[in-house]
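Read through the structure below, which is laid out as structure tokens, and then see the notes.
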Amino acid sequence: MQTDLTRHIRDIPDFPKKGIVFKDITPLLANGPAFKEAVVRLAEPFRGKVDAVLGIESRGFITGAPVAVELGVGLAIVRKPGKLPWQTHSASYELEYGTDSLEIHQDAIGRGYRVLLVDDLLATGGTACAGLDLVRRLDGEVVGAAFLIELGFLRGRDRLAPVSVHSLIRYD
Ligand code: AMP
């Protein structure tokens, strides 16, 4: 039987600013069986179908690393600017006010690798789109995007199309 993972997500109203309901995943991370089940369920549709997982800083590292281990593949990491020590590619994305960018090492993904993007939460999809751009820049093939949480009303799924989105908890 599947656990209702929503029981382990804490809503924090008005964080980090007024009007945002922050989905706090730390209670889920603190619960061993629930965390394990979440990792297995995130990985399940992609078993045997990917060559690497892409984890996006920073909660995408927490969720992506165990998914990579569960799938028996390596982890490529995407970081905020200036954090990666070697040669990088970068991709910009829109924020509510202005833009931000993300970076990846130029050798993080082999040519033709089948890549699964993992992050904790899909909101507008801007962050994930930038991650997918970086995969394509390295001639990787995006096979899907997996999230613990999807804020359906923000339509991130549409923005990522035709990439298939797998989420465990959806708020509409
Ligand atoms: P977006 O680029 O709009 O899809 O935003 C997704 C990124 O922002 C993810 O890395 C999330 O960790 C973070 N994020 C956006 N909205 C929330 C929220 N309501 N609660 C927690 N994290 C959020």
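For ligands, and for the atoms within them, numbers begin at 1 and follow the listed sequence. Only a predicted model underlies this, so the values are computations on that prediction, with no experimental measurement involved.
Remark: minimum distance from atom 5 (O) of ligand 1 to any protein heavy atom is reached at Ala123 CB, 3.6 Å. Of all protein heavy atoms, the one closest to atom 3 (O) of ligand 1 is Thr124 OG1, 2.5 Å. Protein heavy atom closest to atom 8 (O) of ligand 1, with residue, atom name and distance, is Thr127 OG1, 4.6 Å. The protein atom (non-hydrogen) at minimum distance from atom 20 (N) of ligand 1 is Lys23 N, 2.9 Å.
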- Task: I would like to know whether Leu134 and Arg137 meet side-chain contact (heavy atoms from CB on, under 4.5 Å); could you show each step before the answer?
- Result: CA-CA 5 Å; Leu134 292 171; Arg137 194 94 61 87; 4.2 Å; yes

Practice problem: Verify side-chain contact (heavy atoms from CB on, under 4.5 Å) between Arg79 and Phe61, making sure each step is shown before the conclusion. | Solution: CA-CA 10 Å; Arg79 298 208 64 181; Phe61 297 167; 3.8 Å; yes

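Of the charged side-chain nitrogens involved, none lies within less than 4.0 Å of a carboxylate oxygen, so that Lys83 and Glu57 do not count as a salt-bridged pair.
Cluster membership check: Val53 does not share its hydrophobic cluster with Val78, using side-chain heavy-atom separations under 4.5 Å among Ile, Leu, Val, Met, Phe, Trp and Tyr. Linking Ile, Leu, Val, Met, Phe, Trp and Tyr residues whenever their side-chain heavy atoms come within less than 4.5 Å places Val163 and Leu54 in a single cluster.
Considering both main-chain and side-chain atoms, Gly125 comes within under 3.5 Å of ligand 1 through a nitrogen or oxygen pair.
Using a 4.0 Å cutoff on heavy atoms, Ala128 does not count as a contact of ligand 1.
In the candidate list Ile56, Leu121, Leu154, Leu121 is nearest to atom 9 (C) of ligand 1, counting heavy atoms. In the candidate list Val21, Leu122, Thr63, Val21 is nearest to atom 19 (N) of ligand 1, counting heavy atoms.
Taking a distance limit of 4.0 Å, we find that atom 14 (N) of ligand 1 is approached by some protein heavy atom.
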